[in-house]
Structure formats: structure tokens, C-alpha cells
Q: 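This structure is in C-alpha cells; I'll ask about it shortly.
We count ligands from 1, going down the list as the structure has it; atoms in each ligand are counted the same way.
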Amino acid sequence: MADHDLGDDPIAQLRAWLDEARDVTDVPQAMTLATATPDGKPSVRVVLLRGLDDHGLTFFTNRTSRKGEELRLNRQAAVAIHWWELGRQVRVEGFVEDVPGEESDAYWATRPRASQIAAWSSPQSRPLSGRDELDRRVAALQERFAGESVPLPPFWGGYRLVPESIELWIHRDDRLHDRHLYVREDAGWHRLRLAP
Ligand SMILES: Cc1cc2nc3c(=O)[nH]c(=O)nc-3n(C[C@H](O)[C@H](O)[C@H](O)COP(=O)(O)O)c2cc1C
């Protein structure tokens, strides 16, 4: 792929790549999210990209989880997405914002009831005495919300990674890959080519 085939807007380009990835892989929106403690100890895990627009990349999780705690104290984060079948990698670095409550509500409403109960039942990232404890929590929550809709938990919601930079990586033969780094500036995106 030649340079001129990539657009000047990396978010629009990422959207186009995601659309193409849908044809070749089952979960194209799986992304590895890195967060860190205030003193810089990093941690990573996979989350699903649930929204993409000019503001950034949205994912949903438990705000009291390890990642949620790290993001509360240190807003810097990064993600990587890789589609082997397409030979493409995307890296995004920036700051994370909480998405507005209405947006978390709207996404929550699309989740299957079992997933909603699971979110309520799981003290994400905390130790459990065993699988039984989780099963008991699920049973208790099913009883608590029997016959009614399951509300958004106060400890659960969306985050948006607002990009400061986005790198689009394209596999090329002999390890001579193409790397296009877009850096956000006041006037728009500044584009650089990096050595592979
Ligand atoms: C394919 C895949 C998708 C996942 N999507 C999410 C997600 O969207 N939100 C989430 O909280 N956890 C998701 N998880 C689980 C996380 O990887 C992780 O186990 C969990 O969020 C706890 O992470 P933490 O202890 O670092 O906070 C996903 C895991 C996999 C393998």
C-alpha cells in the first residue's frame, strides 16, 4: 500500500481498516489496552472497542477494576490492535476520559441480560474464594432484579481514549514494514514516516 493510499485522518483510516477486518476475522475490535500506576508500573489486557469517532476510542468496563483504578489515578493510556490476516497494526496513545452517563446507559441497554447480571456480580479484579462465590453472587443478583430491567451499575461505564498520536503499521516483505505516525496538533494531524 502506497503512502497516498492512507488518508490524512487516522481515525477515518482506522474505521476503514476495522470494516475490512470484519471480513477476515471474528473479533476485529479486540484491542490490547495499556494503563499504568501513577509511578509508571504498566499493565495490559484485552478489551473490546465499542465506539470510534473523532473524539476517540470507547470501551466499557468496571471502574473499580485494576484498569479502572489505574485510570482514576493516571489518565494516560495506550492501545494496540493487530489483524494478522491483513498485516496491519494500529497503536494509539493519549488520555482517557469518562464517557457521559447517558452514553454508558445507551450501551448498557444493548447488552444481553446475562451480561448485565455478570457485570453486577463480578467484583472485577478482586480475589474470589472460588467459582462458587461467583455463582452465589449471580444467583443473588438474578433474584434481586427478577421481573425488572437491570440498571446500569454505579461502578460500571465507558471510557474514551482521546488520541494524541496514532500509528498505522503495514506489513511489507523482508521486515521493511511501513509505519505512518500521525501526531495531533492544533491545526490537525501531522504525519511522519518511521523506520520499521
Ligand atoms: C477478547 C476479550 C475481550 C474482552 N473485552 C473486555 C471488555 O470490553 N471490558 C472488560 O472490562 N474486560 C474485557 N475483557 C477482559 C479483560 O481482558 C480483563 O480480564 C478484565 O477487564 C480485567 O482487567 P483488569 O484486572 O486489568 O482491570 C476481555 C477479554 C478478552 C480476551
Q: Starting from atom 17 (O) of ligand 1, find the nearest protein heavy-atom neighbour and note its residue, name and distance.
A: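 Going by distance alone, atom 17 (O) of ligand 1 is nearest to Val46 O, 2.6 Å.
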Q: Identify the closest protein heavy atom to atom 19 (O) of ligand 1: which residue and atom is it, and at what distance?
A: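 Result for atom 19 (O) of ligand 1: Arg45 CB, 4.9 Å.
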Q: What protein heavy atom is closest to atom 11 (O) of ligand 1, reported as residue, atom name and distance in Å?
A: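 I find the closest protein heavy atom is Thr61 OG1, 2.6 Å.
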Q: Students should be able to answer this: which protein heavy-atom is nearest to atom 8 (O) of ligand 1, and at what distance?
A: Leu48 N, 3.0 Å
Q: Is there a nitrogen or oxygen of Gly68 sitting under 3.5 Å from a nitrogen or oxygen of ligand 1?
A: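 N/O-N/O distance below 3.5 Å does not exist for this pair.
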Q: Which part of Phe60 is near ligand 1, with near meaning a heavy atom under 4.0 Å away: side chain, backbone, both or neither?
A: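 The answer is the backbone.
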Q: Does Trp108 use its side chain to pair, donor to acceptor, with the backbone of Val150 at less than 3.5 Å?
A: yes
Q: Sub-3.5 Å donor-acceptor pair from the side chain of Ser129 to the main-chain atoms of Glu133, do we have one?
A: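 Checking the backbone N and O of Glu133 against the side chain of Ser129, no donor-acceptor pair under 3.5 Å is found.
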Q: Which residue supplies the protein heavy atom nearest to atom 6 (C) of ligand 1, what is that atom called, and how far is it?
A: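 Of the protein heavy atoms, Val47 CA, 3.6 Å lies nearest.
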Q: Hey, are Arg72 and Asp98 close enough for a salt bridge, meaning a charged N less than 4.0 Å from a carboxylate O?
A: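 Salt bridge absent between Arg72 and Asp98.
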Q: Can any side-chain N or O of Glu93 pair as donor or acceptor with the backbone N or O of Ser165 at less than 3.5 Å?
A: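 No, because the side chain of Glu93 does not come within donor-acceptor range (under 3.5 Å) of the backbone of Ser165.
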Q: Got the closest protein heavy atom to atom 25 (O) of ligand 1, with its distance?
A: Ser125 OG, 2.6 Å
Q: Validate the cation-pi geometry between Arg75 and Tyr159: distance from NZ or CZ to the six-membered ring centre under 6.0 Å, angle to the ring axis within 45°.
A: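 Relative to the ring axis of Tyr159, which defines the angle, Arg75 lies outside at least one limit.
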Q: Would one find an N or O of Asn62, backbone or side chain, under 3.5 Å from an N or O of ligand 1?
A: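 No, no N or O pair falls under 3.5 Å.
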Q: Quick one: does Arg184's side chain have a donor or acceptor within less than 3.5 Å of a partner on Pro163's backbone?
A: yes
Q: Tell me the protein heavy atom at minimum distance from atom 20 (C) of ligand 1, and give that distance in Å.
A: Gln124 NE2, 3.4 Å
Q: Report yes or no: does His171 contribute a side-chain atom to a donor-acceptor pair with the main-chain N or O of Arg88 at less than 3.5 Å?
A: no
Q: Identify the protein heavy atom lying closest to atom 22 (C) of ligand 1, giving its residue, its atom name and the separation to 0.1 Å.
A: Lys67 NZ, 3.5 Å
Q: May I ask you to decide if the ring planes of Trp83 and Trp17 are parallel, tilted or perpendicular, using 30° and 60° as cut-offs?
A: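 If you compare the ring of Trp83 with that of Trp17, the planes turn out perpendicular.
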